[in-house]
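Report on the structure given below.
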Amino acid sequence: MRVVIADDAVLMREGLARLLRDAGVEVSSTVSDVDALYHRVRLDRPDVAIVDIRMPPTHTQEGLVAAERLREEHPDLAVLVLSNHIETRYALELLEGHPERLGYLLKERVSDVAVLVDSLTRLSEGECVIDPTIVAQLLSRRRRADPLERLTARERDVLALMAEGRSNTGIADVLVLTPRTVETHVRNIFAKLGLQEAAANHRRVLAVLQFLRS
Amino acid sequence: LLIGFACVAAGFVVHVSLGDRAYVIAGIRSADLPLEVVLVLLAVAGAVLIESALQRRLVFAAAIAFLVEELASPAAPTGYVFALGLAATGLAWGFLGVALVTLPGRRRAPWIWLTALTAGAVTAGPIAAATWMPDRHGCADCPVNALAVLDSPRWSDGFARWGAIAMVVAAAAVALGSLVGRRSFHVLPELGAAVALSIGVTISLLPRIRGGVDTVPSPTARLLADLSLAVGALALALPDVQRARRRAAIRGLATRLAAAPAPGRLGAEVARAVGDPTLAVAFPTTGGALVDEEGLPVHQPGREATRIVREGRHLATVFHAAGTFANDDEVASLTRVAGLALEHERARAEQKAQARELRGSRRRLVEASDRERRRLEHDLHDGAQQRLVSLLLAVGSTRTADKATKTALSGVEGHLQAAISELRTLTHGLFPSVLANEGLAAAIEDLELSSTAIVEILELPTEPAPLVVESTAYLAAAVAVASATSSVQLRIRSTPDTVVVEARGVTASDSLEWRALRERIDALEGQLVTSVDEIRVELPCAS
């Protein structure tokens, strides 16, 4: 798997690159601004671009704009957006429409190399990755006539992990359940939330997100 | 007294002149005499209205002399009356001319014209009359000229002619001097008087220049001369009439001010009183600035300004059109009448200016604190937080086979994660970066997404507002959401002038957060209206 890293902070950029190289991921180049990012992506043809959300010149949401443009120009490219802030709105904006091959993680999450590599792998396979903190925040929101209240505690756990973009097998590993039990939970969730079960994994995330957003 | 005297003189003239006349000195027809009397009385009225004593007397004398000319008629009861009429011929123009030349406020008295006028009038009038006896030269009905010292038509014609020439030239020179000597529009009345003098003297005396002492103007010319005299006298009186009206208005102002000095209306009252709608009153503050009635700074570059000073203290500066005040006396009378009110108004204006300044400085303090919080947020985010994340990466990429080290590293990792998370909460509490980057609407959406209460957003602002207003509106919404019991409905409206935050399902308390919010709203001159289960915050955008 080939990766390009864009972050204006050199410590972060190089630290991340070393971490990934140690884990056997090919880091083809590291850049400090979006123009260099566009250039390197065209040249290196990476599987995943890791993009800091705040970059020069304004340090506001250059990374978001870059992510959207990269996805338009390179439909096969997966983009992982990194942020220091819990910017739920950005995450939702990014994922609205086409959440496949798109991830949004808080920066401190990447220190666990196993989680990072797992996320990169799932992204390049067409899934969607959302930081658990953001999922937790969305789930903790209360709303009028909350359909989530009809879910059991276990089903909520499964939904949260689904929202993070995990496959049934992944969920089974985390919750120490058999995949068959997880499948049952997922079916129940879809039934209770009135959603059609879709084939692709990212459809599940999309469904969950759209539901959370409603 | 003057009018009475003029009326008696007029009556006398009419009585004398209505007799059967074959010989006419002044030139008027009997039928036109009442009209002449009316015109001369108009000139007398003008004289009465003139303020300067010398001018008043001279113009009055001119009017009387003009009437007295008519006494040189065959109907005159005695030779002395007849002689008086003869001697008065042309004197009226001399008086009027001298009145004009000696007007107060003329920069330099043109003594040469003064001399020419006086000498001409004396020569053409009394001296010419003293050398001629009309009863011997064609007017058999005329009484004997009691003034005559000798009888020589040649001498009297010469005196009459050269005296008249001197007066016509001098009058023309005075008129010309008024025309070119002063550029200001405000001497128009003076110019009018000078032109009237010039026309009148020419009409009256031209026949004598041509034909000698007993040649009179035609009846129409005599009436025109009457008219010139009246116009000249009234024109001289006009500036004084205007001044008198202004003084009366200022007295009226005194009455109105005494009745009800409405605060903030003084400038308009003064403008009305002196008849200058462009007039503006500005008050000096102790800081040396000029402010209006509301305490706002006044800039009137290039306008005529008059300082109102009372007892050595600068009370106000009045900006006005050129010529609103004719002289210092008028300013002094305004000061007398309105001084006290101006002093009150000045104190009020200064108070308002100070309050305005205070409000401005409170707002600037809030802005400064916001700026400082933003800077801190930025520094913490770009500095400490980045470093912690890098450290976390370094720890994460450290490989070790030693189990104890591994456990220790994992502990360090946990602490670092916690530190980063705490720092994030701290920086967000300092100043939500989304507010500065994307505005109030986005920040409120974030608030809704991160809140644990049920937040319903009914309306979001569409107009951008100054950052300090947006941050205060955000704080109001955040405090409202944080103190909501179960669910809160937010409605945030913005216009170019105000931002309004309404929250339903919220009851304001006296907690620290609410107190801080109240202070901020106060500093921005906003309003917080609370009722059971509802709050409303209104923030003006302008400082």
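Letters go in sequence order (proteins before strands), and every chain restarts at 1.
More than 12 non-hydrogen atoms from other residues, nucleotides or ligands lie less than 6.0 angstrom from CZ of A:Arg2. The neighbour count for A:Glu26 CD, taken as heavy atoms of other residues, nucleotides or ligands under 6.0 Å away, is above 12. At most 12 non-hydrogen atoms from other residues, nucleotides or ligands lie less than 6.0 angstrom from CZ of B:Arg504.
Ranked by heavy-atom pairs under 4.5 Å with chain B, the first of A:Leu106, A:Thr133, A:Thr58 is A:Leu106. Taking chain A as the reference chain and counting heavy-atom pairs below 4.5 Å, the highest number among B:His381, B:Gln386, B:Gln417 is found for B:His381. For the options A:Asp8, A:Asn84, A:Ile134, heavy-atom pairs under 4.5 Å to chain B are most numerous at A:Asn84.
For the atom pair OG of B:Ser450 and CD of A:Glu87, the computed distance is 11.5 Å after rounding to the nearest 0.5 Å. With values rounded to the nearest 0.5 angstrom, A:Arg54 atom CZ is found 6.0 Å from B:Asn437 atom CG. How far CG of B:Asp446 is from OH of A:Tyr90: 7.5 Å, rounded to the nearest 0.5 Å.
In this structure, chain B has a heavy atom under 4.5 Å from the side chain of A:Val113, while its backbone stays farther away. With a 4.5 angstrom heavy-atom cutoff, B:Ala442 touches chain A via backbone and side-chain atoms both. For A:Asp22, the part sitting under 4.5 Å from any heavy atom of chain B is the side chain, from C-beta outward, and nothing else. Contacts of A:Leu116 with chain B are absent, with no heavy-atom separation under 4.5 Å from either backbone or side chain. Within the 4.5 angstrom heavy-atom criterion, no atom of B:Val395 approaches chain A.
Every salt bridge (charged side-chain N to carboxylate O under 4.0 Å, His left out) that A:Glu108 has, sequence neighbours left out, goes to B:Arg424.
Side-chain contact, A:His59 with B:His378: no donor N or O sits under 3.5 Å from an acceptor N or O.
Within residues 9-21 of chain A, the residues having any heavy atom closer than 4.5 Å to a heavy atom of chain B are A:Ala9, A:Leu11, A:Met12, A:Gly15, A:Leu16, A:Arg18, A:Leu19, listed by residue number.
Side-chain contact between B:Gln385 and A:Lys107 is absent, with no heavy atoms from C-beta onward closer than 4.5 Å.
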